[in-house]
There are 2 protein chains.
Amino acid sequence: MATIKEIAEAAGLSIATVSRVLSNSNYPVSDDTRARILKVAQELGYSPNLAARSLRTDQSSLIGVILDNFSSTWAPIIIRGLQDVLHSRGYFSMVVNIPWQIYSQSDVVQNLLGHSVDGFVFVETWHPVGEHLGLLNEKPYVTVHRLFHEPDPFSVIPDDVYNSTLTIDHLIQLDHQRIAYIAGHEEYFSSEERLTGYKQSLANVGLPVEQDLIFRGDWSITSGYQNSQRIFALANRPTAIAAANDQMAYGAILAAQDAGLRVPEDIAIVGYDNDEIAQVSNPTITTVQMPLFKMGRIAAENLLNRIHGKEHVATEQLIKGDLFIRQSSGDPAGADIRAHDYTRDSNIPDSQRTRR
Amino acid sequence: MATIKEIAEAAGLSIATVSRVLSNSNYPVSDDTRARILKVAQELGYSPNLAARSLRTDQSSLIGVILDNFSSTWAPIIIRGLQDVLHSRGYFSMVVNIPWQIYSQSDVVQNLLGHSVDGFVFVETWHPVGEHLGLLNEKPYVTVHRLFHEPDPFSVIPDDVYNSTLTIDHLIQLDHQRIAYIAGHEEYFSSEERLTGYKQSLANVGLPVEQDLIFRGDWSITSGYQNSQRIFALANRPTAIAAANDQMAYGAILAAQDAGLRVPEDIAIVGYDNDEIAQVSNPTITTVQMPLFKMGRIAAENLLNRIHGKEHVATEQLIKGDLFIRQSSGDPAGADIRAHDYTRDSNIPDSQRTRR
DNA sequence: TTTGACATAGAAAACGTTTTCTGCTATTGT
DNA sequence: ACAATAGCAGAAAACGTTTTCTATGTCAAA
């Protein structure tokens with residue numbers, strides 16, 4: 001590995017000058033010497049020692065990314081979005097998985113600071129950042145898809161209220177008047193937001209919000225199944241069920257099938273997330289997808305702006321999602337599972353789509 | 001951030017001595033001064049500047065992890081396994097997603113070297129490491145779950161031959177005599193290995209290997225569906241189908257249902273991978289799971305051994321998986337989808353299981 | 001002319017470590 | 001009792017950068 005010093009000798013110049021051109025300083029250097037240095041650097045295959053640079057400038061070009069759960073469906077897509085802009089701007093990320101249960105005990109963040117990261121991204125974490133980590137006052141941070149309730153001025157989150165209305169409005173357009181709702185776990189921020197969307201959609205067209213039609217699940221298939229059984233037992237059975245995620249929607253489908261009800265003819269069902277299960281279940285599930293890749297990109301841009309001291313409007317950013325109409329609400333085209341392949345996330349550039 | 005110098009002043013000692021105790025050098029230091037230094041360091045909240053350390057020692061405690069596809073089902077679990085041992089040994093990983101299509105053009109690896117990473121892990125990559133990256137001769141590396149055919153002495157891969165026999169032996173025990181096989185894409189290493197396992201199991205019990213019963217898919221649900229249609233059209237219909245992954249097994253289930261066949265009564269079906277789809281499909285799919293978390297751990301240990309110059313037997317390490325018996329091969333207990341929650345990977349410690 | 005101002009380049013300090021070298025004291029072996 | 005050694009601590013160099021300070025020559029304005 002060639003150093004700046006070797007280049008200086010080879011070019012017959014001082015290391016100061018070499019540094020100035022190789023670090024893109026805006027200190028004036030004649031075109032002549034600049035060209036000579038670049039040429040020599042090229043020939044010697046120079047690549048800067050980032051440890052030395054970091055030591056001198058106290059900037060590492062390293063971003064700490066902290067996850068609650070690496071294996072969630074969303075996290076990898078968000079991270080790809082983050083890295084898409086970070087890499088293009090010369091930054092690297094150090095992604096660490098810290099389950100919220102061991103959050104406070106963990107010294108990982110401390111170690112990240114030892115690497116003098118330039119900032120943090122919290123992805124799908126549980127607690128307000130400052131709560132466990134007072135030390136973060138030193139470094140800029142952003143949060144993506146936060147799970148907690150307290151607002152955070154530097155977060156990029158899906159517009160769950162709006163997204164939820166997409167599925168409910170869709171059902172209303174299909175002339176459903178009585179729509180049951182299976183909410184998610186109440187300790188989740190998203191859960192309450194989606195419920196709000198459900199209520200808004202009904203209110204918008206003058207439909208009553210009946211408490212008897214609102215059920216509480218815990219995101220699991222099982223809870224979707226069990227709540228649906230209760231829904232089917234209602235005296236005046238609703239014609240549609242909206243669930244706060246695709247897992248519960250799938251549970252509803254299983255329950256309907258076990259109860260001898262046809263989906264969507266007897267009961268229409270919609271979900272949320274566009275998880276794999278929504279794309280492969282039988283019938284496929286009408287759902288809404290958060291633009292995770294884009295959210296990652298925006299978060300990274302916000303963070304870099306903060307790091308470089310640019311103006312950043314400190315406010316939550318709500319990102320809208322897209323509706324996917326499939327069989328479970330009555331679109332026969334959803335049958336394409338057997339005929340076509342599917343991809344996971346329409347926000348992924350073609351070059352990065354999964355091959356398998 | 002306190003430095004070694006400040007601690008030296010506060011303790012009335014030289015920075016050399018402070019460094020020796022704080023870096024766990026084995027240079028002799030009296031218990032007295034060692035205790036004093038540790039106390040002061042504790043009080044001042046010392047955390048070493050890793051850039052400086054890295055500059056001086058040319059070791060960064062950083063590991064580059066290179067992925068072909070972040071969003072695969074397997075990658076996150078492997079990475080968690082990697083990080084489980086890396087973090088406990090004071091290392092951090094820089095995970096980068098480089099699709100094989102842009103592999104050679106990418107300067108990401110070059111940049112990683114600029115960060116003077118101590119080693120590389122290649123996860124699910126496509127090409128033999130050296131092929132595109134001659135520079136790797138400088139740094140130790142290991143590969144996990146490699147997708148290419150050429151053997152690699154430093155790889156940790158699933159024992160696909162053995163794992164495949166688990167599902168076939170299972171079918172044979174259930175008295176199936178004619179078992180069709182849907183193989184994966186032939187350019188994948190795993191694909192051919194799993195096919196070999198199928199043939200071995202048949203040969204072991206003296207069953208003939210009929211070329212007419214071996215079909216070629218491309219991992220997709222669609223290809224499982226279409227190949228199964230051909231299987232059902234055979235004059236002497238097999239009583240079981242084994243697929244090289246769960247997606248194709250699911251395609252087989254859909255095809256069976258569309259053909260009016262009952263699974264498993266008329267046709268038994270087994271898959272491979274224990275993907276989410278195997279756990280939630282109706283019927284649930286008998287399959288085999290690779291111990292991804294463990295593979296990640298072993299790979300990390302191998303790498304650290306190489307880095308620290310310890311003896312490492314340079315040979316592929318084949319890791320055995322576990323059979324999961326479910327409904328699609330005839331186990332009624334698989335019905336538990338409606339009654340119980342499921343988790344993705346039994347190798348994940350409880351504290352890290354997905355919450356959602 | 002003279003005076004700045006500017007463009008350009010080098011010398012040297014600094015960032016926070018680790019480690020070699022040097023030196024002192026106390027202990028051991030003869 | 002004396003040399004050799006071991007234990008311990010400090011001074012200083014080094015790692016590869018960036019950046020301040022200094023120095024030169026050139027050019028435009030007065």
Side-chain angles (χ1 to χ4, degrees), chain A residues 1-38 40-41 44-62 90 110-118 138, chain B residues 1-38 40-41 44-62 90 110-118 138:
Chain A
M1 277 273 155
T3 72
I4 226 176
K5 193 176 163 191
E6 294 169 11
I7 294 178
E9 286 171 6
L13 291 161
S14 74
I15 60 166
T17 312
V18 174
S19 169
R20 290 196 256 261
V21 6
L22 257 28
S23 64
N24 291 318
S25 157
N26 48 13
Y27 191 93
V29 175
S30 76
D31 294 348
D32 207 30
T33 58
R34 158 164 283 123
R36 188 149 94 250
I37 288 172
L38 287 176
V40 174
L44 269 55
Y46 174 75
S47 150
N49 182 320
L50 300 189
R53 176 176 288 176
S54 167
L55 175 60
R56 182 56 228 247
T57 63
D58 204 29
Q59 295 180 357
S60 60
S61 298
L62 252 31
Q110 194 59 248
N111 286 333
L112 279 175
L113 283 172
H115 275 286
S116 61
V117 293
D118 295 340
E138 310 169 20
Chain B
M1 276 270 156
T3 72
I4 226 176
K5 194 175 161 192
E6 294 168 12
I7 294 177
E9 285 171 7
L13 292 161
S14 75
I15 60 165
T17 314
V18 174
S19 170
R20 289 196 258 261
V21 6
L22 257 28
S23 65
N24 291 318
S25 157
N26 47 14
Y27 192 93
V29 174
S30 76
D31 295 348
D32 206 30
T33 58
R34 158 165 282 122
R36 189 150 93 251
I37 288 171
L38 287 176
V40 175
L44 269 57
Y46 173 75
S47 149
N49 181 320
L50 299 189
R53 176 176 288 176
S54 167
L55 174 60
R56 180 57 226 247
T57 63
D58 205 29
Q59 295 179 359
S60 60
S61 299
L62 251 31
Q110 194 58 248
N111 287 334
L112 279 175
L113 283 172
H115 276 286
S116 63
V117 294
D118 295 340
E138 310 168 20

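Lettering follows sequence order; numbering is per chain, from 1. All values below come from the heavy atoms of this structure, side chains included, with hydrogens, waters and symmetry mates left out. Please read these numbers as outputs of a predicted model, since none were measured by experiment.
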Original post:
For B/Leu55 and C/dC15, what is the distance between atoms CG and C1' respectively, to the nearest whole Å?
Top reply: 9 Å
Original post:
Atom CG of A/Asn49 to atom P of C/dG16: distance rounded to whole Å?
Top reply: 17 Å
**OP:** To the nearest Å, give me how far apart CD1 (B/Ile7) and P (C/dT17) are.
**Re:** 8 Å
**OP:** Would you check if A/Thr3 and A/Asn49 make a side-chain contact, meaning some heavy-atom pair closer than 4.5 Å?
**Re:** no
Subject >> Pairwise 5' ranking along DNA chain D for B/Pro28 and A/Leu22, keeping only the more 5' one >> reply: B/Pro28
Subject >> 5'-most by nearest nucleotide on DNA chain D - B/Ala52 or B/Gly12 >> reply: B/Gly12
Original post:
Does A/Thr17 or B/Arg56 map to a spot on DNA chain C nearer the 5' end, using the closest nucleotide for each?
Top reply: A/Thr17
Subject >> Distance test, side-chain N/O of B/Ser14 to OP1/OP2 of D/dA9, below 4.0 Å >> reply: no
**OP:** Test for a donor-acceptor pair under 3.5 Å between the base of D/dG10 and the side chain of B/Arg20, counting only N and O atoms.
**Re:** yes
Original post:
B/Ser19 near the nucleic acid: base, sugar-phosphate alone, or nothing, with a heavy-atom cut-off under 4.0 Å?
Top reply: base
**OP:** Indicate the atoms forming the closest heavy-atom contact of A/Ser25 with A/Tyr27, along with that distance.
**Re:** OG-N, 3.0 Å
**OP:** Would you name the heavy atoms of B/Ala10 and B/Val40 that are closest together and state the gap between them?
**Re:** CB-CG1, 3.8 Å
Original post:
Hey, is the side chain of B/Thr57 poking within less than 4.0 Å of OP1 or OP2 on C/dT19, counting only N and O atoms?
Top reply: no
Subject >> Side-chain heavy-atom pair A/Ile37, A/Leu22 within 4.5 angstrom cut-off >> reply: yes
Original post:
Counting side-chain heavy atoms from CB outward, which of C/dT17, D/dA12, D/dT17 is closest to B/Thr3?
Top reply: C/dT17
Subject >> Between D/dA6 (P) and B/Asn26 (CG): distance, integer Å >> reply: 16 Å
Original post:
B/Asp32 has an atom CG; how far is it from atom P of D/dG7, in whole Å?
Top reply: 17 Å
Original post:
Between C/dT19, D/dT18, C/dA9, which nucleotide gets closest to the side-chain atoms of A/Arg53?
Top reply: D/dT18
Original post:
Is any side-chain heavy atom of B/Arg53 less than 4.5 Å from a side-chain heavy atom of B/Ser61?
Top reply: no
**OP:** Tell me what B/Ile15 touches on the nucleic acid: a base, only sugar-phosphate, or nothing, going by heavy atoms under 4.0 Å.
**Re:** base
Subject >> Between P of C/dA11 and CD of A/Glu9, the distance in whole Å >> reply: 12 Å
**OP:** Examine distances only and state if a side-chain atom of B/Arg36 and a backbone atom of B/Ala11 form a donor-acceptor pair shorter than 3.5 Å.
**Re:** yes
**OP:** Using a heavy-atom cut-off of under 4.0 Å over every strand shown, decide if B/Ser54 touches base, sugar-phosphate, or nothing.
**Re:** nothing
**OP:** Rounded off to whole Å, could you give me the CD-to-P distance for the A/Glu6 and D/dT17 pair?
**Re:** 9 Å
**OP:** State whether the distance check finds a donor on one side and an acceptor on the other, under 3.5 Å, for side chain A/Tyr27 versus base C/dA9.
**Re:** yes
Original post:
Closer than 4.0 Å, any side-chain N/O of B/Ser30 to the OP1 or OP2 of D/dA9?
Top reply: yes
Original post:
Between atom CD1 in B/Ile37 and atom P in C/dT18, what is the gap in whole Å?
Top reply: 12 Å
